[in-house]
Peer 1: 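Quick one: structure below, then a few questions.
Chain naming here is simple, since letters A, B, ... match the order of the sequence lines and numbering starts at 1 in each. Because the structure is a prediction, the values reported are computed rather than measured.
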Amino acid sequence: MEIPSKYSPNETEDRIYAMWLEKKVFKSLPNDKPAYTIVIPPPNVTGVLHMGHMLNNTIQDLLIRRARMRGFNACWVPGTDHASIATEAKVVQKLRKEGIKKSDLSRDAFMEHAWEWTHKHGGIILDQLKKLGASCDWDRTRFTMDPKYYESVIDCFIDLHKKGKIYRGERMINWDPAALTALSDEEVIHKEIQSKLYFLKYQIEGTNEFLTVATTRPETILGDTAVCVNPKDERYTHLHGKKVIVPLVNRAVPVIADEYVEIEFGTGCLKVTPAHDQNDFMLGEKYQLEVINMMNADGTISEAGGMYVGQERFAVRDQIAKDLDAAGLLAKTEEHLNKVGYSERTDVVIEPRLSLQWFVDMKDLSKPALENVMNDTIRFFPPKFKNSYRNWMENIKDWCISRQLWWGHRIPAFYAPDGSFEVAKNIEDAVAQFQAKGASWSAADLKQDDDVLDTWFSSWLWPISVFDGFYSKEELDYYYPTADLVTAPEIMFFWVARMIVAGYEYVGNFPFKNVYYTGIVRDKQGRKMSKSLGNSPDPIELMQQFGADGVRVGMLLSSPAGNDLPFDESLCEQGRNFANKIWNAFRLVKSWEEKIDASLEQPESSAIAVKWMNNRFEQVLAEMEDGYDKFRISEVLMQTYKLIWDDFCAWYLEMAKPSYGKGIDSKTYNDTLDIFQNLLKVLHPFMPFLTEEMWQHMDSWKSESEMICISNWPAAKTFDANIQKEFEEFEQLVTEVRNVRKKQNLPNKEALVVSFMKTANRNSSFDAAFTHLCNISELNEVSEKMNPSFSFMVNGVEYFIPYTASVDVEAEQAKMKEELAYLEGFLKSVEAKLSNERFVQNAPAAVLEGERKKQSDALSKIAAIKEQLG
RNA sequence: GGGAGUUUAGCUCAGCUGGUUCAGAGCAUCUGCCUUACAAGCAGAGGGUCACUGGUUCGAACCCAGUAAUUCCCA
């Protein structure tokens with residue numbers, strides 16, 4: 001059979017993936033085997049695959065594939081998130097293009113559009129994951145708005161409300177005046193903005209004196225109800241208890257004193273607008289200040305403002321500055337670098353706003369979640385994230401869960417005309433509950449809350465609800481807790497922490513054992529990859545160019561847990577090259593099939609090669625298992641890479657390769673197949689397509705297991721560190737000989753004679769491999785130095801290769817002198833150490849011994865060079 | 001403003017208990033090679049004041065303090 005010299009992933013990957021699906025190898029149902037479960041961080045239902053997903057899902061696939069091969073019942077649950085605000089924004093945008101305004105639609109009509117949009121664009125991302133090779137159990141695909149999932153979210157709300165953990169209250173929230181909804185803190189992006197600091201003059205009541213107050217938002221004076229100074233600020237002590245007149249508005253407000261005010265900032269005086277600033281609200285509650293809400297939901301000035309009514313907030317800011325200036329009440333303005341909150345979705349400036357919202361009281365709920373991360377019941381990788389987790393959980397605030405949107409889980413609260421309400425699963429239950437309390441409202445009287453729940457209020461149940469855990473214990477008991485969660489550190493608070501909270505609250509156990517935090521994928525300039533910057537490559541195109549395996553390797557080559565990944569296409573190129581390298585190793589071994597000569601004995605050089613390679617495999621396997629335990633994925637990949645490229649291809653295959661025109665003995669051939677098979681197994685999680693393709697080409701492998709993805713992971717055996725040590729000497733020897741060849745321009749075809757000085761303890765175990773690999777015609781033991789010749793020392797044994805005519809003797813001697821000088825300097829430093837009494841007294845024996853060995857090695861090398869120089 | 005990191009070769013990173021795993025890896029670079037699996041390759045080589053300053057120690061990339069640069073999270 002003809003195998004092309006270049007591996008072409010495009011012809012392979014779809015075929016292999018189709019085979020896996022057809023054989024249902026990713027399917028999982030509870031059985032006798034131990035479960036190993038991962039739930040996917042559900043991407044936005046209408047989203048498309050970006051590089052962050054690629055990284056994330058490659059890691060998950062790797063973990064799940066390895067687990068599957070290690071004999072676990074591996075279950076990777078895929079699914080998507082309804083992404084309330086993002087999806088609704090897209091639907092609104094699409095409708096607008098069609099000339100339809102959301103406000104003209106009924107809720108039901110809008111929902112129809114939203115579902116239509118979801119069905120049209122939903123699931124694209126899941127198909128893209130298949131290209132990547134993701135071995136999810138696709139039959140389990142879940143969506144956070146599936147009927148059963150929906151129900152669990154509503155039941156959770158009702159339950160927490162019953163427990164008194166959910167309440168309704170007036171709070172300062174982040175208001176998006178464009179989307180007309182409250183946002184969670186996490187949906188607000190703080191940007192540094194060059195703005196102005198306005199210095200406003202407040203007349204002190206009953207005097208002609210003025211107090212100057214600095215503010216970035218002069219329009220909010222319409223809502224001022226106090227001015228605050230620091231009690232320690234001596235400049236203003238005389239004003240405590242006095243009143244000042246708000247400029248233009250002419251309202252008299254008290255001067256209050258609170259430590260909150262920073263003496264250094266501005267003039268040290270703070271205007272207090274309780275309705276329009278989080279901290280001012282706090283001051284307002286503390287000092288019982290009047291609350292004037294001077295702004296409408298859309299960001300225009302309200303009736304309560306009294307002036308500029310109906311005008312837009314930023315227009316008023318400019319206007320009021322002019323008017324203040326005209327009235328002589330604007331002392332000055334300064335440039336000021338200010339942090340301003342913007343809406344993640346609409347990119348408008350957030351308005352702090354008082355409003356009635358639903359909250360979850362997190363204080364008690366979060367306790368087990370904090371404790372069990374800190375005590376490593378749930379382990380974070382890398383562990384440094386425990387610090388910020390603790391910081392957040394210890395200062396946790398109540399969670400605002402209502403959103404003024406339609407796309408999502410509608411809050412199950414039913415209001416009576418008198419404003420009283422009941423939380424119930426449906427309107428019938430609500431009527432019954434009202435009646436139980438003696439209120440005889442009928443269904444027609446009641447109105448359900450218009451708002452929906454924060455998306456995270458559904459996704460925090462993900463590890464439970466994907467198994468219908470609220471309604472059936474069967475699957476939950478088997479699959480939960482899951483093994484690993486792979487996600488980005490940015491959503492540690494709004495997702496990871498809350499899943500842990502929900503896990504303890506509803507299952508009484510943690511949702512996952514390990515959390516692996518990936519880094520952020522950045523471009524070469526260190527910028528985060530984003531659609532708006534247009535600096536993100538299209539993952540699908542990348543996979544077409546380099547193959548899914550190449551891209552997987554590229555992503556993992558440089559991404560230790562928690563570290564950002566500076567993405568560069570050259571990494572994928574490296575991955576592709578690696579695939580090709582293995583492919584060609586396969587071609588070589590495959591070609592031996594026809595060269596087997598049963599009459600041949602295994603040559604000694606091959607026997608040692610097999611022995612060493614098997615030993616090497618065990619050694620690296622042990623290192624890899626250790627790396628996996630610590631989630632040091634990129635290190636494991638690099639170990640695998642070097643094991644295959646360097647150890648197997650560069651050394652083993654070269655040693656085992658029959659000489660030109662010769663056949664191969666069947667023992668070496670079979671040993672090589674066994675070695676190759678193990679290598680492919682440990683490589684499979686990284687490069688599933690390539691390894692499966694090769695597996696399918698080799699009948700003897702297929703007879704062990706139909707497919708590599710369900711074959712058995714190699715069991716760890718012991719290894720002999722001595723063999724590796726001997727190999728390293730051999731490696732050095734080969735390199736020295738190659739250098740000599742290079743110096744003389746001697747091609748490998750020409751055989752060489754190598755001599756070595758008779759020594760008692762020279763190890764000869766690799767001699768056969770040495771003569772085979774380096775084309776040595778004679779390897780002689782001599783008792784006298786050979787001159788003139790190249791000489792070098794490997795582990796205390798001196799080797800000689802006679803000069804041929806073309807050697808530049810002068811240059812050789814100059815080089816030797818250089819080395820001599822270096823060795824003498826080295827010796828001096830070692831001897832200085834050894835003559836230091838305190839070192840000799842304090843250093844451990846092993847260190848001392850090492851230093852003495854350095855000394856004796858250096859001495860013998862120096863002697864050898866001196867002799868060579870004559 | 002509060003908190004958490006990071007700084008080692010041109011790039012991306014290892015370096016675990018202070019000492020032979022101690023200055024390393026991959027990529028990139030340079031020099032030879034179309035050598036009968038692979039030029040997407042082979043063989044070899046060069047490359048670092050371990051951010052800076054001080055301290056502890058017989059001994060510091062590693063521990064301590066300070067400085068600088070930088071990233072992230074929170075307000």
Side-chain angles (χ1 to χ4, degrees), chain A residues 3-8 185-186 188 190 262 264-265 278-279 339 341 382 384-392 394-395 397 489-490 492-493 519-520 522 524 526 528 546-547 550 553-554 557-560 562-568 570-592 626-627 630 632 634-635 637-639 641-642 645-646 649-650 653-654 657-662 734-743 745 747-749 775 832-851 853-854 857:
Chain A
I3 303 178
S5 76
K6 293 214 171 7
Y7 169 63
S8 45
D185 292 343
E186 292 78 14
V188 178
H190 293 272
E262 257 178 77
E264 275 75 35
F265 185 82
Q278 179 71 52
N279 295 306
K339 281 215 174 158
K384 67 177 180 188
F385 286 114
K386 280 167 73 179
N387 284 334
S388 30
Y389 182 83
R390 183 179 58 207
N391 212 313
W392 194 74
E394 281 176 351
N395 300 295
K397 287 178 285 178
E490 339 169 76
M492 179 162 73
F493 304 129
I520 296 167
R522 298 180 179 280
K524 278 188 240 177
K528 192 173 168 176
F546 300 107
V553 166
L557 268 174
S558 75
S559 55
N563 268 35
D564 285 359
L565 182 139
F567 184 78
D568 188 331
S570 69
L571 291 167
C572 296
E573 201 180 325
Q574 195 183 346
R576 180 202 61 180
N577 292 355
F578 184 40
N580 200 49
K581 181 73 187 176
I582 301 159
W583 184 251
N584 277 291
F586 181 70
R587 283 176 65 218
L588 175 68
V589 174
K590 188 84 179 148
S591 75
W592 291 351
D626 182 58
K630 295 171 178 151
R632 302 172 79 132
S634 55
E635 271 178 43
L637 173 57
M638 189 43 72
Q639 282 161 339
Y641 182 91
K642 288 194 279 190
W645 199 310
D646 298 343
C649 294
L653 287 179
E654 292 302 328
K657 202 189 230 177
S659 305
Y660 182 58
K662 302 270 170 61
V734 171
T735 303
E736 293 285 4
V737 171
R738 282 173 178 164
N739 269 326
V740 169
R741 277 190 184 279
K742 191 164 186 181
K743 275 182 206 163
N745 235 334
N748 205 40
K749 275 180 202 154
N775 193 13
K833 228 187 226 183
L834 285 169
S835 61
N836 180 340
E837 250 177 65
R838 282 192 290 184
F839 171 72
V840 178
Q841 274 168 16
N842 292 317
V847 174
L848 258 180
E849 201 186 315
E851 292 297 318
K853 181 152 188 331
K854 275 188 203 169
D857 282 359

Peer 1: Compare every heavy atom of C572(A) with every heavy atom of F567(A), then report the nearest pair and how far apart it is.
Peer 2: CZ-SG, 3.6 Å

Peer 1: Would you mind classifying the nucleic acid contact of K6(A) as base, sugar-phosphate or nothing, using non-hydrogen atoms under 4.0 angstrom?
Peer 2: base

Peer 1: Polar atom pairs between nucleotides 30-33 of chain B and protein, under 3.5 Å, N or O only, would you list them?
Peer 2:
unit_1 : atom_1 : unit_2  : atom_2 : d
U31(B) : O2     : K742(A) : NZ     : 3.2

Peer 1: Can you list everything that forms a salt bridge (charged side-chain N to carboxylate O under 4.0 Å, His left out) with D626(A)? Sequence neighbours excluded, please.
Peer 2: K630(A)

Peer 1: Which whole number of Å gives the distance between the P atom of A60(B) and that of C13(B)?
Peer 2: 28 Å

Peer 1: Would you indicate what R738(A) reaches in the nucleic acid, counting non-hydrogen atoms under 4.0 angstrom: base, sugar-phosphate, or nothing?
Peer 2: sugar-phosphate

Peer 1: At under 4.0 Å, does any side-chain N or O of R632(A) touch on OP1 or OP2 of G15(B)?
Peer 2: yes

Peer 1: For a quick test of reading the model: is some side-chain N or O of T735(A) closer than 4.0 Å to OP1 or OP2 of G44(B)?
Peer 2: yes

Peer 1: Name all residues meeting the side chain to side chain contact (heavy atoms under 4.5 Å, CB included) criterion together with N775(A); count only those two or more places apart in sequence or in a different chain, and write none if there are none.
Peer 2: R741(A), N748(A), A751(A)

Peer 1: Between A4(B) and C27(B), how far apart are the two P atoms, rounded to whole Å?
Peer 2: 38 Å

Peer 1: Can you sort out the partners of W592(A) under ring pair (Phe, Tyr, Trp, His ring centres under 6.0 Å), two or more places apart, ordered by chain and number?
Peer 2: none

Peer 1: Taking salt bridge (charged side-chain N to carboxylate O under 4.0 Å, His left out) as the test, write out the residues that go with E635(A), two or more places apart.
Peer 2: R632(A)

Peer 1: Considering only atom P, compute the distance from U21(B) to C16(B) and round it to an integer number of Å.
Peer 2: 12 Å

Peer 1: When the P atoms of G48(B) and C11(B) are considered, how many whole Å apart are they?
Peer 2: 13 Å

Peer 1: Do the side-chain N or O atoms of N739(A) get closer than 4.0 angstrom to the phosphate oxygens (OP1, OP2) of A45(B)?
Peer 2: yes

Peer 1: How would you list, by chain and number, every residue that makes a ring pair (Phe, Tyr, Trp, His ring centres under 6.0 Å) with F546(A), sequence neighbours excluded?
Peer 2: none

Peer 1: Under 4.0 Å between any heavy atoms, over every strand shown, what does R741(A) touch: base, sugar-phosphate, or nothing? Just pick one.
Peer 2: nothing

Peer 1: Tell me whether the OP1 or OP2 atom of C42(B) has a side-chain N or O from W645(A) closer than 4.0 Å.
Peer 2: yes

Peer 1: So E654(A), base contact, sugar-phosphate only, or nothing? Heavy-atom distance under 4.0 Å.
Peer 2: base

Peer 1: Which residues pass the ring pair (Phe, Tyr, Trp, His ring centres under 6.0 Å) test with F385(A), sequence neighbours left out?
Peer 2: Y517(A)

Peer 1: If you compare every side-chain N and O of N577(A) against the phosphate oxygens of G41(B) (OP1, OP2), does one of them come in below 4.0 Å?
Peer 2: yes

Peer 1: Between N580(A) and G41(B), does any side-chain N or O lie under 4.0 Å from OP1 or OP2?
Peer 2: no

Peer 1: Tell whether Q574(A) reaches the base of A28(B) with its side chain through a donor-acceptor pair below 3.5 angstrom.
Peer 2: no

Peer 1: Only Watson-Crick and G-U wobble pairs, only distances under 3.5 Å, only runs of 3 or more: what stems does that leave for RNA chain B?
Peer 2: B:1-7 with B:68-74, B:10-13 with B:24-27, B:29-33 with B:41-45, B:51-55 with B:63-67

Peer 1: According to salt bridge (charged side-chain N to carboxylate O under 4.0 Å, His left out), who are the partners of K384(A), at least two apart in sequence or on a separate chain?
Peer 2: none

